[in-house]
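Worksheet for the structure shown next.
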Amino acid sequence: MSEILPVLISTAIRALLIALLATPIALLLTRQLRAMNQCGLKYFNLSLILVPFLAPALVVGFSWSLYSYRLANLFRPYTDSGATMKLVDQLANEFVYGLLLIFHIVPVAAIIGYLLPRSGSAPSADHCTHLLRNRLSLLQRIKLNGMPRLPHQCIVFCTLWVLAFIDIDLAALMNVKTWSLWLFDQQVGGLALALSIQYALVAATPILGVILIAVLIYKRSTFLSMQSNVMVRSESKRSTVFAVVYLSIAILLTAIIPLYILLAQALNGGFAILLDHPSFFGELANSAMYAFIACALSFAASLFLYRLQQPALTFACLVPGLISGLILALTLKSLLISLNLHSVLSTPFPLIIALSLLLLPTAIIFNWIYINNRPSTSLHLGQLLQSSPHPSIQSSASHLVRAMLIPGRVLSLIILFWLGFMELSCSALLHPAGSMPVVARLHNLMHYGHSQVLSAMIIITLAIPLMVIAFLFLINYLILKINANRLNHSFDQKNQNLSISI
Amino acid sequence: MNQNNSNASNSLYIFIAIASAVLVVLFLLLNSDTFPSSSSTDKSLTVYCAHDSIHAQQVFDAFTKQTGIEVVIRYDTEATKSLGLIEQIISEKDNPQCDVFWNNELLGTLDLHSRGAFEPYQGTGRERIPDAYKDEAGHWTGFGARMRVWIINTEKIPEPTQEDIGKRLDSEDLSQIAMADPLYGTTLTHYTLLSHLWGIDQLKTWHAELRKKGLREVRGNAVSKNLVAQGLCDLGWTDTDDYFVAVKEGAAVTFMPVLVNHEGQQHTIAIPNTVGIIKGTANRATAEQFIDFLVSEQVELMLANAQARQIPLGSVDESKLNAQVKALRKYVPMGYPLDKIQQSREPVITWLKGRASE
């Protein structure tokens, strides 16, 4: 077991450094989210913040994998030996990887921070401290301002650490030695699955440990009531500008530039070649099926767990999804083989179960976001109106209630579908013969490097779910619009009748 | 009020449940061949294929067209490396799920053979394959090879020779040379051969020396190729199929075969595709048909003229061969007999898996 320790420690240190750098950024975005909430643009801005997270790590890593060498080569004239250049190579690679990983994981931590009640002193107390700042020592200011906020900051830090620690997709493409990649390497030449699971459990221990620490901090700290979230001191212009600049760079580097590179290659004959490979479209369909079923299952499970209101059971259900897709897939595969259920591995069920478990934490988080962001006053009024004896008022109220409830749910489903569609580890390990998900295929082809046809495949893989999502949004908008027009028309009719009778 | 709220939400959930059920049924209907059937038929075959689908699919399609036999294919993935097919076959040994294994290299096949995973088959198709590339008893047969080569950026090294490469390797700064992680694929085969020829201690010393001088170890042969093609490195180890991808992309590159010396003779490293019938298959007759098809001249020409430019091992009509592959054919007889190096594989893997992060 001790063989895994050196790489576990190095991964933990790397995750620590990344979490330290990313925590202030995540907290800044959290504050911006709270400020944006008051402006009523929450879903749009939430989507923007999520773009770097939703940009598939596969595509991001693939696009930037050679740039660390470009960066290192800039320093070549200043190096005097191969050994020095090797160090420069490693530092450049760690830098590019760290930067991309920070972009990837900060959105999740920002949302977690947003969901948590604020810790710290009440805004009014903050203001008093601010007024007295010239009369307080640094230590006193830290004690009054900094210490109360620590629990909230610690939980955000723990989230970032876990996400950085479990990353495998970016690490694989950037050739960064993490414990997950080490575990993958150990499979070469054969490693008993049982031993793999033991290594995986050793790796899972710090993950679960940090999650437990975060839970304990949450349980034992004093948080402000949720209503105090409304009384947020308006953000300084400087921090808003910083947040906008950061988001712009993150979206540019993780989404726009990779897409541009891929599109340029794909348009250079890639799409034409793709027509000779019809099996690719079958793989797209397979991925969509797996993703949709897993998304529906995890969504339903999150609702069920919320209604049960059993924190211990919820936490137990979250664990498989938090320990990374690689460990989950290995565990499931090991279980089925040890029970002599090889034939089950030839079915889609192991993959669907694994994907559902993997998506469950995200489904639960989005359920929390949804519940905490319902416009409670308007919703309550709408629900009261639904009890009205007048049918027209009833139907108007139903329409309003639907308009308030459904979009949030639809957004959750869309994001779950996207994450399930783009998932790699479970898809590669658990798919049945003849039914390979498209992401596993793409990752395989990336081994051969950039090519027009691969770029075309990636573009279509990204485009199809986006088109489905856009189509769903359009349908949702049209239905609401038609309903609204119909209700307006019937309301006008009734008004006319009322005027005539008067 | 809560009732109405519940009604709106319940409608959505019911819709999702019905839609999921419909999709599951559709999915099951469309993918019925992914489910194991209790009765085997002679009109289907399950193949585990380590060769990539971009190149292999046309072969499967041609087989199905000629014979009417449907093939269920499980491809290996880069993501799984050897978590994939070889380990899967080993774990399924007592309850085989596939009929044929098509590997894109030799050592993994030899490993499976040593574990008794194959049934012998001496078909007519393999008669055209040289003895050096097939098992005597017929447990496995090779076809369509790749070769280990140096890929060289001609803007950095205009007219390279083997001597130039030797001088580069002896210099103090190797940061302009790229090599794939030797734990995988053809680079593992390359290292295994070097261990077989030099002994593992000399290999370890040589490996450490290269890294100390800054040699760039990258994730795969394609990355090595990309670094050279984009001028970020001057030269690197790769395979002929990756080299030809760079040529197709218009990169300023050329190649030189990697040569090893043994008993005064120079040898190339030609790594064949290999195929064998899985022991315990329920579809023996169709498996034999598939093997004969795979090692035929038709398929070797198909693979030679495809993007991968695999070198035919058996005799083929040279007029149907493209010029690039034709130029490589002369290196095949120089290939070191790789079936002799199997014993060295395990110590190399154990060493590479155990090395500290470099």
Side-chain angles (χ1 to χ4, degrees), chain A residues 3 6-7 10 65-66 69-70 73 81-83 85-86 89 175 177 184-190 277 279 289 292-293 296 299-300 303 337 340 342-343 346-348 383-384 386-387 398 401-402 405-406 409 424-425 428-429 432-436 440-441 443-451, chain B residues 1-2 4-5 8-9 12-13 16 20 23-24 27 31 33-36 46 52-54 57 72-75 77-83 87 90-92 95 97-98 172-175 183-184 211-214 216 218-220 222-223 225-227 230 232 242 245 346 349 353-354 356-357:
Chain A
E3 305 87 51
V7 74
S10 64
S65 58
L66 293 185
Y69 297 105
R70 287 189 190 279
N73 274 6
S81 68
M85 196 58 213
K86 182 179 160 141
D89 265 347
N175 199 22
K177 297 285 183 201
F184 239 28
D185 288 349
Q186 297 311 301
Q187 309 305 317
V188 174
H277 300 283
S279 60
M289 293 287 185
F292 186 85
I293 295 170
F299 180 78
L303 298 176
I337 289 174
N340 216 20
H342 293 93
S343 52
S346 303
T347 70
Q383 288 163 349
L384 284 173
Q386 280 179 314
S387 308
S398 296
V401 167
R402 268 199 298 274
L405 290 180
I406 302 258
R409 289 291 193 208
L424 176 60
S425 300
L429 285 167
S435 186
M436 180 181 268
R441 164 75 59 235
H443 190 264
N444 195 36
L445 291 174
M446 285 173 182
H447 164 74
Y448 295 97
H450 289 256
S451 70
Chain B
M1 296 167 265
N2 282 333
N4 290 323
N5 180 15
S9 300
L12 182 62
Y13 308 153
I16 291 169
S20 300
L23 281 168
V24 167
F27 178 79
N31 288 281
D33 56 358
T34 69
F35 288 85
T46 301
D52 191 76
S53 68
I54 286 283
Q57 191 61 47
V72 174
I73 311 153
R74 185 183 187 92
Y75 287 106
T77 65
E78 190 62 19
T80 60
K81 301 286 188 188
S82 295
L83 266 173
E87 294 314 312
I90 293 169
S91 71
E92 291 169 357
N95 185 11
Q97 301 293 305
C98 78
E172 284 306 307
D173 182 353
L174 300 183
S175 59
L183 190 53
Y184 297 105
R211 267 87 190 146
K212 200 170 143 195
K213 291 182 188 176
R216 279 177 163 164
V218 297
R219 196 66 185 157
V223 182
K225 174 265 292 179
N226 286 336
L227 285 177
Q230 294 184 26
L232 297 170
D242 290 304
V245 169
E346 202 55 43
I349 288 175
K353 275 160 60 167
S357 302

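Only a predicted model underlies this, so the values are computations on that prediction, with no experimental measurement involved. Order of the sequence lines fixes the chain letters, A, B, ..., with proteins taken first and strands second; residue numbering starts at 1 for each chain.
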query = Do A:Arg70 and B:Gln230 come close enough that some side-chain heavy atom pair is under 4.5 Å?
reply =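 Of all side-chain heavy-atom pairs linking B:Gln230 with A:Arg70, at least one is under 4.5 Å.
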request  = Answer yes or no: is there a side-chain heavy-atom contact under 4.5 Å between B:Arg74 and B:Thr46?
outcome  = no
query = Considering only heavy atoms, which portion of A:Ala83 lies under 4.5 Å from any heavy atom of chain B: side chain, backbone, both, or neither?
reply =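 For A:Ala83, the contact with chain B is made by backbone and side chain together.
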key: B:Glu92, part contacting chain A, at a heavy-atom distance under 4.5 Å   =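 It is both, since atoms from each part get that close.
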query = Checking B:Leu232 against chain A: side chain, backbone, both or neither under 4.5 Å from a heavy atom?
reply = both
ask   = To the nearest 0.5 Å, how far apart are CZ in B:Arg216 and CG in B:Leu174?
value = 11.5 Å
query = Which value, rounded to the nearest 0.5 Å, describes the distance between A:Asn73 atom CG and A:Met85 atom CE?
reply =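 Between A:Asn73 CG and A:Met85 CE, I get 5.0 Å after rounding to 0.5 Å.
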